[in-house]
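The structure under discussion appears below in the form of structure tokens.
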Amino acid sequence: MFENINKELLPIKAHYFLFNAATGPIVPFLPTIAKQIGFSGLLVGTIYTILPVSGLIAKPLFGGLADKFKIHKLLFLLFQVVVAVAMFTILFIPKMDRTAVVTLNCDGEASLEICSKNGFSTNVISNVISKTVHRNSSCQVSCKATEEIYTQMCLHWQALKFCNITNSSISDTDRFDFTVEFDIFHDLNLDKCVYIHHFMAKFPNNELHKPACTKYTKTLCTATCHDNPAFNQLLEEAEVVENTTQFQLFLSASVISWVGMAVVVSIADAICFNLLGNERRKEYGKQKMWGSIGFGIFGISAGYLVDVFSKGQSEKDYSCIFYIMLIVMIFDIIVSATLRKKNPENSEDDPSILGEIATIFKDGNVLAFGWWCIGAGMCTGVIWNFLFWYTEDLATSAQFTWLKTLQGLLTGIQCFIGELPFNFISGNVLRKLGHVNVMSLVLLVYAIRFMAYSTISNPWWFLIIEVLHGPSLGLCWPTMVSYGDKVTPPGTKATIQGFIGAVFEGIG
């Protein structure tokens, strides 16, 4: 039974399985992890504009270096380590507390006014206002200093440290900070604003004061609600002041891990085609399908585990999948170290890599292929980056508990019913239909798939649509890399695979 197994190809099969098993639980969830940290759709869109550009630069750059200096395996292993470390650091990026512009109104009893230009959503209002339940809450406030507010605070808040402060001693940048402690039972919603009433002001020295004024006074403030998801959502819909620290950390870790994945994927494909040789080039899909198996198994498991570890919490706990990623990546590095790459099929008289590339891109068919890669990349990018976000927008509160399980099942169907069988039969399909016809088929299926997404309001129906992942991405990737290998001269495999990946992910 085992004597027919090609032991030379076992390490590359194992790499595809382990690498996709490691990154599979993380990559699909990254947009929703970013959303939970507190990034807006605009910021996530910005991140996913920058990431492909980093891959656009990294793939041909490091592919060219690998071909030039024959260091495929060194870069292959090095960037696997980079992926593991960079991706694991995302776990430790703190959640972003929203900071919004609010108004402190003091006329008799003080109140904090939080407004939204378009009004607050019903779900947010229900979480911050209750007429049946008493629940203590708190937010941190920093207000602009004025002589009028200081006078009222001195006389009626009984905050003596604000006495004897004259207008001449207050600069435009002076502010005073305190914590608002209140019961949501007393909160009010009028028009497009929420008012926090009957609160106590707690200053940094732990002094508590009851805010009150005999003369109407107001000042602009910024409010932040640490460890308070309900009011963080309220502030998110208000006039938000963006905090860039978490964004910079997330972007840096994402770019580094994306560059690492881009290099690992392109060099792995070059190594795989090198091991297969020209005669077995179309058997690439049978090697790549092990990646789909790993991605599917661990993708389904990840979704379920996130829901289990998040039970009873208002937000999802993703920590388990980061530890799974780290452990599996270590195994992948160990297995990849056993790879034995064949000697390249070129001689000292071969033309330069740049010369070969220039010759390839003069071919009109290759240019048309490049446009197809861009179109397929656009379709794939929408699904990779925003399908899970879209399911969260469609999901009702009753569906939230097992939402990650649904997303994991979507990943499983994409892999086992979609990619896996089509990776396996891709060689036969390409032989019968030819690369050009398969390229047209891929774009047609993507069009049908997006039309189906637009007509469905229940995200659980997406489980049926994801069957189309097979004749779209399941055929797209083997077609793309095999055609690239077909038109590539020996000695430039990693370079061209890098360019193909750069056009697909970076531009498309």
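Only heavy atoms go into these numbers, but all of them, side chains included; no hydrogens, no water, no symmetry mates. From a predicted model like this one, the values you see are computed outputs, not experimental measurements.
Put simply, the side chain of Phe462 reaches to within 4.5 Å of the side chain of Leu387, judged on heavy atoms. Taking 4.5 Å as the limit, some side-chain heavy atom of Tyr318 sits within range of a side-chain heavy atom of Gln36. When side chains are defined from C-beta on, Phe250 does not count as touching Leu43, because their heavy atoms never get closer than 4.5 Å. Residues Leu9 and Leu276 form a side-chain contact, since some pair of their non-hydrogen atoms from C-beta on lies under 4.5 Å apart. Residues Ile256 and Thr89 form no side-chain contact, since every pair of their non-hydrogen atoms from C-beta on lies 4.5 Å or further apart. A heavy-atom distance below 4.5 Å is found between the side chains of His226 and Thr224. A 4.5 Å side-chain heavy-atom check between Tyr446 and Thr380 finds at least one atom pair inside the cut-off. Using a 4.5 Å cut-off on side-chain heavy atoms (C-beta onward), Leu409 and Trp402 make no contact.
Checked against the 6.0 Å centroid threshold, Phe62 and Phe79 count as a close aromatic pair. A centroid separation of 6.0 Å or more is found between the aromatic rings of Tyr390 and Tyr453. Taking the six-membered ring for Trp and the full ring otherwise, Phe76 and His72 have centroids separated by 6.0 Å or more. Taking the ring centroids of Tyr323 and Phe88, they lie under the 6.0 Å cut-off.
Between Val44 and Phe386, the closest heavy-atom pair is CG1-CE2, 4.2 Å. Summarising the geometry of Trp389 relative to Thr32, their closest heavy-atom pair is N-CG2, 4.1 Å, with the distance given to 0.1 Å. Taking all atoms of both residues into account, the shortest heavy-atom contact from Ala376 to Leu443 is N-CD2, 4.1 Å. When every heavy atom of Ala84 is checked against every heavy atom of Met325, the shortest pair comes out as O-CE, 3.7 Å. Annotation for Trp258 and Leu51: closest pair CD1-O, 3.2 Å, computed over non-hydrogen atoms. Nearest heavy-atom pair across Ser472 and Arg449 is OG-NH1, 3.0 Å.
For the atom pair OG1 of Thr46 and CG of Leu251, the computed distance is 9.0 Å after rounding to the nearest 0.5 Å. Between Ser137 atom OG and Asn228 atom CG the span is 3.5 Å, to the nearest 0.5 Å. Considering CD1 of Ile267 and CD of Gln80, their distance stands at 10.0 Å, rounded to 0.5 Å. Note that OG1 of Thr245 is 11.5 Å distant from CD1 of Ile93, once rounded to the nearest 0.5 Å. Atoms OG1 and CG, on Thr391 and Leu410 in that order, are 6.5 Å from each other to the nearest 0.5 Å. Between the CD atom in Gln414 and the CG atom in Leu463 there is a gap of 10.0 Å [rounded to 0.5 Å].
A donor-acceptor contact closer than 3.5 angstrom links the side chains of Ser319 and Asp317.
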Kindly determine whether Lys316 and Ile33 satisfy side chain to side chain contact (heavy atoms under 4.5 Å, CB included), including the steps that lead there. CA-CA 9 Å; Lys316 296 300 182 180; Ile33 291 172; over 6 Å; no
Run Asn127 and Phe120 through side chain to side chain contact (heavy atoms under 4.5 Å, CB included) and show every step you take. CA-CA 11 Å; Asn127 289 330; Phe120 295 104; over 6 Å; no
I'd like to know whether Met261 forms a side chain to side chain contact (heavy atoms under 4.5 Å, CB included) with Met87, so could you lay out the CA-CA distance, the side-chain angles of the two residues, the decisive distance to 0.1 Å, and finally the verdict. CA-CA 10 Å; Met261 287 190 291; Met87 201 169 274; 3.7 Å; yes
Let me see the working for Asn437 and Leu441 under side chain to side chain contact (heavy atoms under 4.5 Å, CB included), right down to the final yes or no. CA-CA 6 Å; Asn437 290 327; Leu441 175 64; over 6 Å; no
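In this structure, Thr338 contributes its side chain and Ile334 its backbone to no donor-acceptor pair below 3.5 Å. Although no hydrogens or angles enter the test, the distance criterion places no donor-acceptor pair under 3.5 Å between the side chain of Ser257 and the main chain of Val83. Remark: side-chain polar atoms of Trp372 are paired, donor with acceptor, to backbone N or O of Met439 under 3.5 angstrom. Under the 3.5 Å distance criterion, the side-chain polar atoms of Asn20 are matched with a main-chain donor or acceptor of Tyr16. In terms of modelled atom types and a separation under 3.5 Å, the side chain of Asp307 and the main chain of Thr405 share a donor-acceptor contact.
Taking Val81 as the reference, Val85, Ile333 meet the side chain to side chain contact (heavy atoms under 4.5 Å, CB included) condition, with sequence neighbours excluded. Residues satisfying the side chain to side chain contact (heavy atoms under 4.5 Å, CB included) test with Ile324, not counting sequence neighbours, are Phe298, Leu305, Val328.
More than 12 heavy atoms of other shown residues, nucleotides or ligands fall within 6.0 angstrom of atom CZ in Phe322.
A salt bridge links Lys404 to Glu392: at least one charged side-chain nitrogen sits closer than 4.0 Å to a carboxylate oxygen.
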